[in-house]
There are 2 protein chains.
Amino acid sequence: MTPRRISRDQVLDVTWELATRKGLQAVTMRAVAQELDVNPMTLYRHVGDKQGLLDGLVERLLLEIEVPGPGLDWRGQLRLLAHSMRATARRHPDLFLLLFQRPAVTPEAVGPRNAVYGALRAAGLQEERIPRAERLLSTFMLGFAASEAGGRFRDGDPDEDMAYAERLVVRLLAAV
Amino acid sequence: MTPRRISRDQVLDVTWELATRKGLQAVTMRAVAQELDVNPMTLYRHVGDKQGLLDGLVERLLLEIEVPGPGLDWRGQLRLLAHSMRATARRHPDLFLLLFQRPAVTPEAVGPRNAVYGALRAAGLQEERIPRAERLLSTFMLGFAASEAGGRFRDGDPDEDMAYAERLVVRLLAAV
DNA sequence: ACCTGAACACCGTTCAAGT
DNA sequence: ACCTGAACACCGTTCAAGT
């Protein structure tokens, strides 16, 4: 019974580091294995396959999004959430797109989602309306952050656009 | 001066067909070349490289989005636009994500953008406010369509969510 | 002018074997 | 139980050569 030399966490550590340093296209099974000084086939025991490796990366990405603590009003909470989603997207533009390709209800996704729930609740939204409002608001934030990070925006100032969007959201929530 | 055997358009025709039939992962220089019964290196003269091939695919994708003709009020125009963006995303989920990775101001993108411009104008929005409103609205529609097609939504009914979003947009525009 | 062939430096993954 | 080596079936792209 030889002790396992590497763990899934170690694999994801070096994968995340590699993706951050050299971009998603540099993330290959072979490159990750080399970083760990291990045979490529060794990874399969720990992450399943390439898709499993990417899934692990998306977990980390969601954990990377900063979530508001206490001491902010609902407007400040939403502002911080938008800000940290945009910052995360800018740091990992390619990886960020993968968020569209998997359910928003994984265990790692509860942090951001609960944060939006909390803000909407604090804004006085009826409990039964919160899930839908969260889906719509998160979808907009995700699209905005992905657009900005991916280079879709060429006209306009993203900061000004986001400030304007914030006013619209506040207007809609105030009408409750 | 031998006549050229293939054109960029022909290359994109079979690439689009291949992507539609077997998905984006099946789009390789070699597979496209084989479909045309030509040497892989031949493609380089017509599309530059793999990235150029993908750029061509995104052109086609934007052209695929149905744009409202006359005879609809602004609300109907926006509804049709949202509907056809979602339909396009569902047909080409992987390809659709590439829209986030390039400027929204390419020649092929003017169709959809002008359509949104027209609807916002018909809704009575001040001319100077239209570009920003278009960016925000298109960003939401894009994020929604990408989420739906990519499988991010697991809770909720996308049709109901979109109908609700439509009411919010109408409310915001009515306040003008 | 346009197309080809061979070659280079990679991929993800299977399968049988090692310890 | 965990890791390895060799092999398979691919990639995109360069470069020199063909017609």
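We name chains A, B, ... by the order of the sequence lines, and we start the count at 1 in each one. The model shown is predicted, which means the values in this text are computed figures rather than measured ones. Keep in mind that the numbers below use all heavy atoms, side chains included, and drop hydrogens, waters and symmetry copies.
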Are the ring centres of B/Phe144 and B/Phe153 closer than 6.0 Å?
yes
Electrostatic pair B/Asp157:A/Arg135 at N-O distance under 4.0 angstrom:
no
Taking any heavy-atom pair under 4.0 Å as a contact, classify A/Thr28: base, sugar-phosphate, or nothing.
sugar-phosphate
Of the listed nucleotides (D/dA6, D/dG12, C/dT4), which one gets closest to any side-chain atom of B/Tyr44?
D/dG12
Would you indicate which nucleotide in D/dC3, C/dC3, D/dT13 comes nearest to any side-chain atom of B/Ile6?
C/dC3
Please state whether the phosphate of D/dC3, meaning OP1 or OP2, lies under 4.0 angstrom from any side-chain nitrogen or oxygen of A/His46.
yes
Taking all atoms of both residues into account, what is the closest heavy-atom pair of B/Leu99 and A/Arg152, and its distance?
O-CD, 3.4 Å
CZ of A/Arg45 versus C1' of D/dC3: gap in Å, rounded?
7 Å
Could you tell me whether B/Asp155 and A/Arg132 have a side-chain N and a carboxylate O separated by less than 4.0 Å?
no
Electrostatic pair A/Arg60:A/Asp13 at N-O distance under 4.0 angstrom:
yes
When you compare C/dA9 with D/dA9, how far apart are their P atoms, in angstrom units rounded to a whole number?
22 Å
Need one value for A/Met29: base, sugar-phosphate or nothing, where a base atom within 4.0 Å counts as base even if backbone is also close, heavy atoms only.
sugar-phosphate
Which nucleotide in the set D/dC11, D/dC15, D/dT4 lies at the smallest distance from any side-chain heavy atom of B/Arg30?
D/dC11
Mind checking whether A/Phe96 and B/Phe100 have ring centres under 6.0 Å apart?
no
Dot-bracket for DNA chain C, 5' to 3', Watson-Crick and G-U pairs with both distances under 3.5 Å, [ ] for crossing pairs, | for partner on another strand, reads ||.|||||...|||||.||
A/Arg5 side chain near D/dT4 phosphate (N/O to OP1/OP2, under 4.0 Å)
yes
Quick check for you: to the nearest 0.5 Å, what is the distance between B/Leu81 atom CG and B/Leu72 atom CG?
9.5 Å
Between P of D/dC11 and CG of B/Leu53, the distance in whole Å
13 Å
Among the nucleotides C/dT4, D/dT13, D/dG5, whichever has the atom closest to the side chain of B/Val38 is C/dT4
5' priority, DNA chain D, between B/Val27 and A/Pro40 [closest heavy atom]
A/Pro40
Can you tell me the distance, in whole Å, between the CE atom of B/Met41 and the P atom of D/dG12?
11 Å
